[in-house]
Amino acid sequence: MITLWGRRNSANVQKVLWTLEELGVRFTREAVGGSFGGNRDADFLAMNPMGLVPVIRDGDVTMFESNAIVRYLTARYANGELRPTEHLHLAMAEQWMEWQQNVFAQPVLTIFMNSVRMAPEKRNAAAVAEAESKAVEALKIADAHLARHDWFAGSAFSFGDIVMGTFLYRYMG
C-alpha cells in the first residue's frame, strides 16, 4: 500500500490525491506540513531533504515532487489510462504538465499567498495585480488549446488534465 505524506489543502498534494483516486489505488495519508508540522523532522527530511510535501512511499520507491509522483503513479498503475500510450498524446500531457508548473503555478501561488496566507498588512497588491495579469494571459493559451481539443492530451482525460485542473481550482478559489 502507498503512503502519502502531505496535507490535503496543498495544491501539490491535491494532484497526487486526485491521481490516486482516479487510479483506484489504495493508500494511507499522513498529515504533514503547514499547521501539521513534521516536515522538518529528520525522518521526513531523509525522504525529502527540502522538507516539502508531497512525498510518497510505494514499496521500495520513495519520491518527492508532485509532477514526478503523478508521472510515476500513472506509469506504474494505469499506463494507457491516465498516461497516454500514443506518443503525440503523451507528449501533449507532458507539455501541459510542464506548462502548469513553469507558467501557470507561479502567478497562482503569488495570488494565493497574498490573498489567503499572508496577514493583510503584509500583502502586496502590486504583486497580486501583476500575477493576475500573468494568470489571465496564461489561461488564454490554455483556453485556445481547449477550443481545439477535448482534453489537454487531446482525445482523453490524462495526468495533464489533473495537474492543470488542480491549479485552475486553486486559482478560481
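Positions are given from 1, in the same order as the sequence printed here. All values below were derived from every heavy atom in this structure, side-chain atoms included, with hydrogens, water molecules and symmetry-related copies excluded.
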Taking every non-hydrogen atom, the tightest pair across [X] and [Y]:
{"X": "T74", "Y": "L23", "answer": "N-CD1, 4.3 Å"}
{"X": "A135", "Y": "I111", "answer": "CB-CD1, 4.5 Å"}
{"X": "F44", "Y": "G51", "answer": "CE2-C, 3.7 Å"}
{"X": "F152", "Y": "H145", "answer": "O-NE2, 3.2 Å"}
{"X": "A138", "Y": "V103", "answer": "CB-CG1, 4.0 Å"}
{"X": "L17", "Y": "L4", "answer": "CD2-CD2, 3.5 Å"}

With heavy-atom distances below 4.5 Å as the criterion, would you say the side chains of [X] and [Y] are in contact?
{"X": "F27", "Y": "V16", "value": "no"}
{"X": "N114", "Y": "M118", "value": "yes"}
{"X": "K134", "Y": "Q106", "value": "no"}
{"X": "F104", "Y": "L139", "value": "yes"}
{"X": "V163", "Y": "Q101", "value": "no"}
{"X": "R57", "Y": "M47", "value": "yes"}

*asked:* Heavy-atom count check: over 12 atoms from other residues, nucleotides or ligands less than 6.0 Å from M50 CE?
replied: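 Result for CE/M50: enclosed.
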_N-O pairing of E137 and K140 below 4.0 Å_ = yes
*Salt bridge E21-K15, side-chain N to carboxylate O under 4.0 Å*: no
_Check against side chain to side chain donor-acceptor pair (under 3.5 Å), W18 and E22_ = CA-CA 6 Å; W18 187 355; E22 288 287 337; 3.1 Å; yes
*asked:* Applying side chain to side chain donor-acceptor pair (under 3.5 Å) to N67 and Y72, what does each step give before you reach the verdict?
replied: CA-CA 9 Å; N67 285 354; Y72 164 79; over 6 Å; no
*Would you kindly check if the NZ (Lys) or CZ (Arg) of R170 is within the cone defined by 45 degrees around the ring axis of F112 and under 6.0 Å from the six-membered ring centre?*
yes
*asked:* Classify the ring geometry of W151 against F157: parallel below 30°, tilted from 30° to 60°, perpendicular beyond 60°.
replied: perpendicular
So, the side chain of [X] versus the backbone of [Y]: is there a donor-acceptor pair under 3.5 Å, distance only?
{"X": "D161", "Y": "S158", "answer": "yes"}
{"X": "Q100", "Y": "G160", "answer": "no"}
{"X": "E86", "Y": "H89", "answer": "yes"}

